[in-house]
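Can you read through this structure? Questions will come right after.
Source: prediction; values computed, not measured.
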Amino acid sequence: GIIESGFTLKPGATLNWKLTLRVKQMLQCNGRIDLIFPSIGTGRLLVVNHAFGLYLIHRCKRSWIKSHKAQNLGKAVPVSLDGGFLRNFFSVPHEEGIRPGSAFTLSFTAGSSPDVILLVQRVVCHQVQLLVDIPGESKDTRSKAVTTHDKIAENVLLELAMYSKAFVTHIEPFLDEKEDAHLLECR
């Protein structure tokens with residue numbers, strides 16, 4: 001195809017490709033795009049590349065539930081994430097508020113019941129305090145074996161925390177943590 005044979009792109013023109021990846025396992029995938037082209041001045045080849053990750057969180061079905069009844073929260077763990085990030089990431093309608101009793105869900109496969117439930121406990125300023133429940137989690141506390149489901153859920157939660165932190169940093173990138181922390185208390 002065009003990728004292997006090369007092409008000439010006129011100044012100001014755009015060329016788009018769509019590529020469908022079929023990944024059989026729930027694992028993070030990493031990719032890299034390399035553009036190689038001759039320098040107009042020297043004729044030598046120039047290389048521009050971009051490395052990227054397709055994180056697990058991008059492969060999950062995400063939803064927000066306005067009212068969720070918590071059931072059997074055996075090993076639920078408390079976490080706190082940025083409300084702006086949650087609203088954006090889970091597409092919470094602007095006219096709705098994130099409030100106690102609502103929940104965010106993540107499903108690893110289409111059409112399945114949620115694999116991770118983030119139940120809203122409390123909202124303090126921009127921070128949303130959540131209880132994390134992993135319904136399919138191994139409940140046998142005597143077993144040291146970690147199931148694939150548990151490991152995927154753990155990685156998805158780590159990615160959520162990473163994205164939440166990056167969201168806050170992007171929104172308030174110039175604030176010094178120590179000097180201006182009071183400005184972040186209640187935006």
Side-chain angles (χ1 to χ4, degrees), residues 1-64 79-94 104-112 114-116 118 126-128 130 132 134 146-185 187:
I2 192 167
I3 295 174
E4 293 84 20
S5 63
F7 57 91
T8 300
L9 190 62
K10 294 180 180 172
T14 302
L15 185 59
N16 294 310
W17 279 290
K18 281 189 179 182
L19 181 64
T20 302
L21 299 175
R22 290 186 186 17
V23 183
K24 295 180 182 181
Q25 294 180 318
M26 189 66 166
L27 297 170
Q28 177 183 331
C29 300
N30 296 312
R32 185 173 141 158
I33 298 170
D34 291 322
L35 297 176
I36 303 169
F37 52 94
S39 166
I40 294 173
T42 65
R44 293 188 357 211
L45 291 180
L46 303 174
V47 178
V48 175
N49 56 46
H50 173 70
F52 59 94
L54 297 173
Y55 294 99
L56 295 175
I57 197 73
H58 298 125
R59 299 185 59 205
C60 291
K61 179 180 182 281
R62 306 179 285 230
S63 61
W64 174 69
V79 297
S80 182
L81 297 173
D82 181 77
F85 161 74
L86 290 168
R87 179 178 288 284
N88 183 288
F89 194 74
F90 287 92
S91 301
V92 176
H94 292 290
F104 302 94
T105 65
L106 297 161
S107 301
F108 302 155
T109 56
S112 72
D115 291 290
V116 176
L118 304 161
H126 59 87
Q127 287 297 305
V128 178
L130 307 151
V132 178
I134 304 171
V146 175
T147 67
T148 302
H149 180 273
D150 296 348
K151 192 64 178 163
I152 292 170
E154 180 183 328
N155 287 333
V156 165
L157 290 169
L158 288 171
E159 289 174 9
L160 262 180
M162 175 189 73
Y163 271 95
S164 180
K165 184 174 175 137
F167 182 87
V168 172
T169 303
H170 179 72
I171 297 300
E172 303 287 352
F174 302 110
L175 292 181
D176 180 319
E177 277 185 40
K178 292 178 183 170
E179 292 177 17
D180 298 323
H182 66 280
L183 295 176
L184 287 175
E185 287 176 16
R187 292 189 238 151

Partner set under side chain to side chain contact (heavy atoms under 4.5 Å, CB included) for L45, not counting sequence neighbours: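 For L45, the residues satisfying side chain to side chain contact (heavy atoms under 4.5 Å, CB included) (neighbours in sequence not counted) are I36, P38.
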Check: L54 main-chain N/O paired with R59 side-chain donor or acceptor under 3.5 Å: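 Looks like no, no N/O pair under 3.5 Å.
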Aromatic plane relationship, Y163 with H58 - under 30° parallel, 30 to 60° tilted, over 60° perpendicular: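 Rings of H58 and Y163: perpendicular, as their planes differ by over 60°.
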Approximate separation, where rounding is to 0.5 Å, of I152 CD1 and L106 CG: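 These two atoms lie 12.5 Å from each other.
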From CA spacing to verdict: side chain to side chain contact (heavy atoms under 4.5 Å, CB included), F108, V116: CA-CA 9 Å; F108 302 155; V116 176; 4.1 Å; yes
Spacing of K151 atom NZ and M26 atom CE [to the nearest 0.5 Å]: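 It is 14.0 Å, given to the nearest 0.5 Å.
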Pairs flagged by salt bridge (Lys or Arg N to Asp or Glu O under 4.0 Å) wherever residues 29-40 is involved - sequence neighbours left out: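 Matches after skipping sequence neighbours: R32-D34.
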For the student: nearest non-hydrogen atoms of P93 and R87, plus distance: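 Taking P93 first and R87 second, the nearest heavy atoms are O-NH1, 2.9 Å.
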Within the 6.0 Å centroid threshold, strictly below: H126 and F167: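 Ring-ring flag for H126/F167: false, centres at least 6.0 Å apart.
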Check: N30 and Q28 side chains under 4.5 Å, non-hydrogen atoms: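 Touching, per the 4.5 Å side-chain cut-off.
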Test applied, side-chain contact (heavy atoms from CB on, under 4.5 Å); reference residue, V128; option that passes from L118, L81, D82, L86: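 So, applying the side-chain contact (heavy atoms from CB on, under 4.5 Å) to V128 and each of L118, L81, D82, L86, only L86 qualifies.
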Non-neighbouring partners of A13 that pass side chain to side chain contact (heavy atoms under 4.5 Å, CB included), sequence neighbours left out: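 Side chain to side chain contact (heavy atoms under 4.5 Å, CB included) check on A13 returns L9, K10.
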Sequence-distant partners of L46, side chain to side chain contact (heavy atoms under 4.5 Å, CB included), two or more places apart: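 Checked L46 against side chain to side chain contact (heavy atoms under 4.5 Å, CB included); matches are F37, S39.
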Nearest-0.5 Å distance, OG of residue S63 to CZ of residue F104: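 With rounding to 0.5 Å, OG (S63) is 10.0 Å from CZ (F104).
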Interatomic distance, R62 atom CZ to I57 atom CD1 [nearest 0.5 angstrom]: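 If I round to the nearest 0.5 Å, the distance is 7.0 Å.
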Salt bridge (charged side-chain N to carboxylate O under 4.0 Å, His left out) against R44, all qualifying residues, sequence neighbours excluded: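 Not a single residue meets the salt bridge (charged side-chain N to carboxylate O under 4.0 Å, His left out) criterion with R44.
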Euclidean distance, Y55 OH relative to L160 CG, rounded to 0.5 Å: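 Between L160 CG and Y55 OH, I get 13.5 Å after rounding to 0.5 Å.
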Side chain to side chain contact (heavy atoms under 4.5 Å, CB included) partners for S107, two or more places apart: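 Partners of S107 under the side chain to side chain contact (heavy atoms under 4.5 Å, CB included) test: K61, S112, P114, D115.
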Gap between atom NE2 of H149 and atom CD1 of I134 - 0.5 Å precision: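 The NE2 atom of H149 is 7.0 Å from CD1 of I134, to the nearest 0.5 Å.
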